[in-house]
Structures are given as structure tokens and as C-alpha cells.
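Since this is a predicted model, take the numbers as computed values, not measurements. Throughout, residue positions are numbered sequentially from 1 according to the sequence presented.
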Amino acid sequence: MAVFNRKTKVDMDALAEAPKSGNSIPTSGVYDITLKAVTLDLSPWGTKNVGLYIEVDGQPRMMYSVLDLGPDDMSGLEDWKVKAYEKAWNVFDHMCVVAGIDPNDLTETETMSLPIGKDKAMKDVEVFPEFEDKEIKAWFKFEYYKSKTGDIKEKVVLKEVFTPEGLSGDEVLRGETEPVRLEKLSKYINDVSYKSELTKEIVDEWIANGRKSGSNATTTPRKVPSFGKKTFGKK
């Protein structure tokens, strides 16, 4: 017979809570999140990228460039590219709606310091303060591909957004009360995209090896002009 000793008494209240995974968003799916900051980056090529600093399952996480809104001037672009940017804008505007924000009210950003740098060092980013502490459901899709140098890359895209009750932005605007769209999308929600001849087995091995063949680092963006600066957590 083995003696099973505990150093401390079991906290039954804590035990009643759902277990937390090591990675709060490990793969494609719909997650209940709290928006702590919605960031806006201007790439060196003039495109606007939206990122999300969120809290999910009690853990903070920065989701870089989940929406590519494209450049201000889309003339001359291929039709498929324009449609992709328009889709991203649609998701962004629906995120406003499900968060109770009129997208027309978003006219400028504020500078905020967030703990998203190396070792959680504070970093200045441009944010839309209207989103702070808004709770929504978000559908994130993971995509894997190879760079020109052959390294495996991981990209996370914000596909759709919903109210905490599961209503999409268009359903909110129509005054509907049943989350029909989320139900219709359910069969696609866990899909993961593998490109460049990658497979699930190859990507799983890459992740298990610490993603040594690639990096999730992004190009340091130029700041979008704004006024004022605030520190995360301070109103």
C-alpha cells in the first residue's frame, strides 16, 4: 500500500473550475474572449493590420495581425485581393456591432503601453479604446504555410465574431434572438488550413519540436498617428 500525502488541503471551489490548458487558444475554434485592446498597425507597405490583446480562460494573449484591412487605395489590385480586404473589413465592422460600438464612431486611435514585448515588457501600440473590456465570442482559424526560405509559418485569422450569446453582427442589427449563423458554421469551426504541401503530421512535429524551423515574429510596424498615450489597465 502506498501512502498518498498532500502538502495542502484540496480547494474544492478551485477544483470545480474547468481545467486550463497550457495554450489558451491551441487551435482553430470559437472562444469566449475579453477584448483588452484592439490594436492597429500600419505596415511598411501601407496596409492596415488589426491585432487583438485578449484574455481567454483567465490568460492574456496577444493575437497579431488577425485582420488585414489592406491599403487605403485599392485601385489596381486584383479582384480576389480586394474581396479579401472587403471581407476583413466586414468582420471588423461586425466586431464593433457585437461589442456594442457604432463602427462609424471609430475615427482615431490612442497610444497605449501593453505588456506584449519580450518577457512581457511594455510596448507602445495604437489601440481603439472603445473595445476595452468588451466580451465576445471569436472564431479563430489557424493557417500553416511555408515561407520563401522553406520555414514553416503559423498565421491566425479572425474569421467571425459573435455576442456572448452567439449572435452574429448581422443578426444583432436585424434584432434576431437565435444564433442561426453560428449553428450553420459549426461544421467548419475546427478546420485548420495547411498550405505549401504541409500536412497535419508535419505541422504537429514542427510544433512538438518548438517551432524551430520558423518564427511567428512580425515586422515592426510604423505607428498610426494619434494623440495621447495611456497605460494598459489604467482608465
Side-chain angles (χ1 to χ4, degrees), residues 23-57 59-72 84-99 101 103 105-145 153-162 169 193 211 214-226 228-233:
N23 186 344
S24 55
I25 299 183
T27 188
S28 299
V30 172
Y31 296 87
D32 292 307
I33 67 172
T34 300
L35 296 170
K36 307 307 291 185
V38 174
T39 67
L40 181 66
D41 295 333
L42 182 64
S43 77
W45 304 275
T47 60
K48 297 178 289 296
N49 291 282
V50 172
L52 304 179
Y53 183 63
I54 66 176
E55 194 171 273
V56 55
D57 199 18
Q59 301 179 56
R61 174 163 177 172
M62 182 67 206
M63 311 290 286
Y64 292 99
S65 301
V66 294
L67 287 176
D68 184 353
L69 302 180
D72 291 329
Y85 289 142
E86 289 176 345
K87 169 63 177 176
W89 271 105
N90 185 263
V91 174
F92 179 77
D93 291 340
H94 277 195
M95 184 168 66
C96 295
V97 172
V98 301
I101 300 167
D105 291 340
L106 301 182
T107 57
E108 63 180 28
T109 61
E110 293 182 7
T111 305
M112 176 185 280
S113 294
L114 293 177
I116 58 177
K118 186 177 181 181
D119 300 324
K120 302 301 180 182
M122 301 302 284
K123 179 181 178 181
D124 287 352
V125 293
E126 296 301 313
V127 306
F128 295 105
E130 293 85 351
F131 287 100
E132 189 171 350
D133 291 329
K134 300 290 187 179
E135 295 183 354
I136 67 171
K137 288 184 184 293
W139 173 18
F140 294 110
K141 182 177 181 179
F142 279 58
E143 298 180 353
Y144 296 94
Y145 62 97
K153 297 292 185 179
E154 178 184 82
K155 181 180 180 181
V156 183
V157 178
L158 180 62
K159 296 290 291 182
E160 298 277 355
V161 287
F162 310 90
S193 177
R211 295 178 166 84
S215 170
N216 290 329
T218 57
T219 304
T220 302
R222 298 201 305 267
K223 297 297 181 184
V224 177
S226 66
K229 173 182 175 180
K230 60 190 294 190
T231 301
F232 174 66

(request) Before accepting this row, confirm whether a basic side-chain N of the pair D41/K48 lies closer than 4.0 Å to the acidic partner's carboxylate O. (result) no
(message) Nearest 0.5 Å, please: how far is NZ in K36 from NZ in K134?
(response) 12.0 Å
(request) Compare every heavy atom of A37 with every heavy atom of M112, then report the nearest pair and how far apart it is. (result) SD-CB, 4.4 Å
(message) Nearest 0.5 angstrom please: Y31 OH to I33 CD1, how far?
(response) 11.5 Å
(message) Taking the side chain as everything from C-beta on, heavy atoms only, tell me whether V38 gets closer than 4.5 Å to M95.
(response) yes
(request) Going by the side-chain contact (heavy atoms from CB on, under 4.5 Å) test, name the single residue among T107, D105, L40 that passes it with F128. (result) L40
(request) Using the side-chain contact (heavy atoms from CB on, under 4.5 Å) rule, take V125 and I116 through it: C-alpha gap first, then chi angles, then the decisive distance, then the call. (result) CA-CA 10 Å; V125 293; I116 58 177; 3.8 Å; yes
(request) Taking T39 for its side chain and G51 for its backbone only, find out whether a donor-acceptor pair lies under 3.5 Å. (result) yes
(request) Can you see which heavy atom on S24 is nearest to which on R61, and at what distance? (result) OG-CD, 4.0 Å
(message) Less than 4.5 Å apart, side chain to side chain, heavy atoms only: is that true for K123 and L114?
(response) no
(request) Please tell me if the side chains of F140 and L158 come closer than 4.5 Å, counting only heavy atoms from C-beta onward. (result) yes
(request) State, with a plain yes or no, whether a side-chain heavy atom of L106 is found less than 4.5 Å away from one of I101. (result) yes
(request) Kindly say whether F142 contributes a backbone atom to a donor-acceptor pair with the side chain of S28 at under 3.5 angstrom? (result) yes
(request) May I have the step-by-step check of side-chain contact (heavy atoms from CB on, under 4.5 Å) for Y85 and T47, ending in yes or no? (result) CA-CA 10 Å; Y85 289 142; T47 60; 4.2 Å; yes
(message) Within the 4.5 Å heavy-atom criterion, are N49 and S43 side-chain neighbours or not?
(response) yes
(request) Would you give the length of the straight line joining atom CG of L35 to atom CE of M63, rounded to the nearest 0.5 angstrom? (result) 11.5 Å
(request) Would you please test K87 and E160 for salt bridge (charged side-chain N to carboxylate O under 4.0 Å, His left out) and show each step? (result) CA-CA 10 Å; K87 169 63 177 176; E160 298 277 355; 3.2 Å; yes
(request) Output the distance between atom CH2 (W89) and atom CG (L67), rounded to the nearest 0.5 Å. (result) 10.0 Å
(request) Measure the CD1-CG distance between I25 and D57 for me, rounded to the nearest 0.5 Å. (result) 9.5 Å
(message) Can you confirm whether F131 sits close enough to L52 that some side-chain heavy atom of one is under 4.5 Å from a side-chain heavy atom of the other?
(response) no
(message) Show the nearest heavy-atom pair for residues K137 and D32, with the distance to one decimal.
(response) NZ-OD1, 2.7 Å
(message) Working to the nearest 0.5 angstrom, can you tell me the gap between L69 CG and L42 CG?
(response) 11.0 Å
(request) Please check if any side-chain donor atom of T109 sits under 3.5 Å from a side-chain acceptor atom of E126, or the reverse. (result) yes
(request) Check whether any side-chain heavy atom of E154 sits under 4.5 Å from a side-chain heavy atom of R211, and report yes or no. (result) yes
(message) Quick check: do S193 and K141 have side-chain heavy atoms less than 4.5 Å from each other?
(response) yes
